[in-house]
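A short worksheet on the structure shown next.
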Amino acid sequence: MKNFIEVTELKKVFGNGKDEVHAFGPATININAGEFVSILGPSGCGKSTLMLMVAGLLDSTSGKVEFESKLVNGPKTDIGIMFQDNTLVPWRTVKGNIELQLELRGLNLKDYQDQIYNILKSVNLEDFAERFPNELSGGMQQRAAFCQAMIHDPKIILLDEPLGKLDAMTREKIRADFQKLWMVKKPTVIFVTHSIEEAVQLSSRVILITPRPGKIDREIKIDLPYPRDLKVKRSTKFIEYVNSIQEVFHKYGVI
Amino acid sequence: MKKFIKWILSGWMLILFFVGFFLFWEYSIPLFDIPRYILPAPSEIFLKGSADLDKLIYYTGVTALETVLGYIIALILGLGFGIAISFSSILRRTLYPFFVSIEMTPKIAFAPLFISWFGFGLMPKVIIVVLVCFFPIVLNAILAFNSLSNELTLFYQSTGASRLKTFFTIRLPAALPQCFVGFKYAAINATVGATIAEFIGSDKGLGFYISIVTGNMRPDLAFAGIFFLTCLGLSVFGFVTMMEKILIPWHISMKRINK
Ligand SMILES: Nc1ncnc2c1ncn2[C@@H]1O[C@H](COP(=O)(O)OP(=O)(O)O)[C@@H](O)[C@H]1O
Ligand SMILES: [Mg+2]
């Protein structure tokens with residue numbers, strides 16, 4: 001049987017001639033529906049490049065991406081996407097920003113009012129629906145952006161270091177919120193990060209990427225029960241996963 | 001009313017400064033024995049100006065028409081070209097460098113030519129105002145429409161929305177703050193352009209009035225003309241600033257200044 005998402009011998013080289021930068025690949029990745037997969041690797045190894053190619057937002061140099069056996073050859077629209085720098089616009093309120101996703105897709109706003117309230121409530125933002133992004137803290141903004149990326153119920157969610165700019169404590173809190181939301185809807189998530197702990201805590205599978213040009217070093221299935229709260233994080237198994245991944249990157253000299 | 005009192009109170013330093021400035025001016029004229037044909041006192045400017053009020057108001061209307069007409073035409077052309085250049089790679093490689101190089105010439109230098117081509121009427125003045133307003137508007141518009149963040153671009157692409165829809169829901173509102181930088185710059189240029197055009201060749205308008213009365217050794221009336229010109233300039237600029245507040249109240253830089 002074909003996998004839900006199949007990335008085959010995917011490779012990206014930017015520029016040409018002397019300015020050539022081999023950014024990623026070639027690499028082959030298969031992802032099942034409902035998986036939470038982390039793409040873990042050092043800065044500049046091509047994680048964002050991979051994610052954009054999977055989303056059809058960037059052309060690959062060679063290789064292919066398939067969703068349910070359908071070849072991706074242009075922007076995929078049945079996805080939710082989120083970046084380190086969020087896509088909230090300053091002239092709309094939190095609610096207005098969530099509605100932006102729906103408006104751009106030509107969906108009827110009236111049908112979604114309850115869902116907007118519910119998703120905001122699930123990340124404790126229901127009292128901030130009418131506030132503007134610049135009135136929120138960085139962590140609240142990222143939570144709002146997460147609602148924006150999820151409101152249209154995409155089957156696939158692509159997250160590119162969404163917590164990258166937050167402080168450690170806020171990251172911890174938002175991770176838990178993300179996990180809660182994911183466990184309810186079970187979308188397929190591709191989560192790009194360079195935090196080992198974050199990857200182990202959230203994912204069902206972690207894919208380790210080598211320094212640039214990023215190739216797959218190995219995949220590690222994380223066999224821990226959800227929700228992965230503080231108790232799980234203190235378990236020996238969790239710490240073993242973190243240590244083994246650290247060893248891999250130590251070998252490459254990136255940590 | 002309460003708001004008005006608060007506003008007056010918050011501006012008391014500025015008001016005090018103005019009052020002090022005019023008092024100093026008024027009393028330094030007799031104090032330093034400055035002849036009135038060099039620099040008249042504010043009270044005299046007020047009295048003599050009031051006697052000439054009909055003419056001043058009519059001329060203000062004339063200059064205002066040139067200014068506003070030229071500004072609006074420049075706004076339409078500037079935004080139109082700005083958007084076209086931002087969205088067309090061919091225009092970006094041809095018209096854009098052309099505009100940038102013309103931007104270096106002082107546009108006002110064309111004024112005598114336009115007067116000789118088109119005569120003393122309204123048209124050459126409007127053209128000059130258009131010319132001095134067009135470039136700041138078009139160049140800032142190009143900058144504005146080209147500076148959408150990478151993330152927002154990727155985001156709207158992932159929604160599959162049409163170009164028209166993304167233009168009105170994302171690109172246009174995102175561009176407005178930078179566009180207004182150009183609009184405000186142009187608003188300052190507009191009255192300057194109209195005035196200089198009138199200096200060079202005209203038979204009415206505030207610029208014409210100021211150059212005539214100055215030639216007649218009447219600095220009091222010249223100052224009265226300058227006063228009206230200042231009011232006109234402030235009105236145009238004030239109107240654009242008000243539009244900015246109405247159209248983009250969310251814009252952060254404005255919020256910072258208000259605080
Ligand atoms: N548009 C581009 N043009 C040229 N080089 C690029 C471009 N985007 C990324 N790169 C290069 O590709 C490499 C991988 O980048 P990226 O995917 O952003 O890494 P990561 O997300 O893992 O930090 C980097 O060396 C980067 O400089
Ligand atoms: Mg990146």
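Order of the sequence lines fixes the chain letters, A, B, ..., with proteins taken first and strands second; residue numbering starts at 1 for each chain. Computed from a predicted model, the values in this text were never measured in an experiment.
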Please give me the minimum heavy-atom distance between [X] and [Y], naming the atom from each residue.
X	Y	value
A:L104	B:A161	O-CB, 3.2 Å
B:K165	A:E103	NZ-O, 3.0 Å
A:P75	B:Q157	CB-O, 3.6 Å

Item to check | Residue selection (most heavy-atom pairs with chain A, distance under 4.5 Å) from B:T153, B:L154, B:T169 | outcome: B:L154
Next on the checklist: Looking only at heavy atoms and a cut-off of under 4.5 Å, which of B:A174, B:P173, B:G160 has the most pairs with chain A?
Outcome noted: B:P173
Checklist entry - Side chain, backbone, both or neither: which part of A:L58 has a heavy atom under 4.5 Å from chain B? => result neither
Item to check | Portion of A:Q148 that has a non-hydrogen atom of chain B nearer than 4.5 angstrom | outcome: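 For A:Q148, the contact with chain B is made by the side chain alone.
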Item to check | Side chain to side chain, A:R92 and B:W250, heavy atoms closer than 4.5 Å | outcome: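 Heavy-atom side-chain distance check fails, nothing below 4.5 Å.
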Next on the checklist: Counting neighbours of CG on A:D114 that are heavy atoms of other residues, nucleotides or ligands and sit closer than 6.0 Å, is the number greater than 12?
Outcome noted: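 Atom CG in A:D114 is not packed in, count stays at 12 or less.
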Nearest 0.5 angstrom please: [X] [atom1] to [Y] [atom2], how far?
X	Y	atom1	atom2	result
A:M82	B:S158	CE	OG	13.0 Å
A:L100	B:I170	CG	CD1	4.5 Å
A:I79	B:T159	CD1	OG1	10.0 Å

Item to check | Side chain / backbone / both / neither for B:L176 at chain A, heavy atoms under 4.5 Å | outcome: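 Neither part.
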Checklist entry - Checking side-chain contact (heavy atoms from CB on, under 4.5 Å) against B:L152, which of A:N86, A:L88, A:T87 comes through? => result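 Among A:N86, A:L88, A:T87, the one that satisfies the side-chain contact (heavy atoms from CB on, under 4.5 Å) with B:L152 is A:T87.
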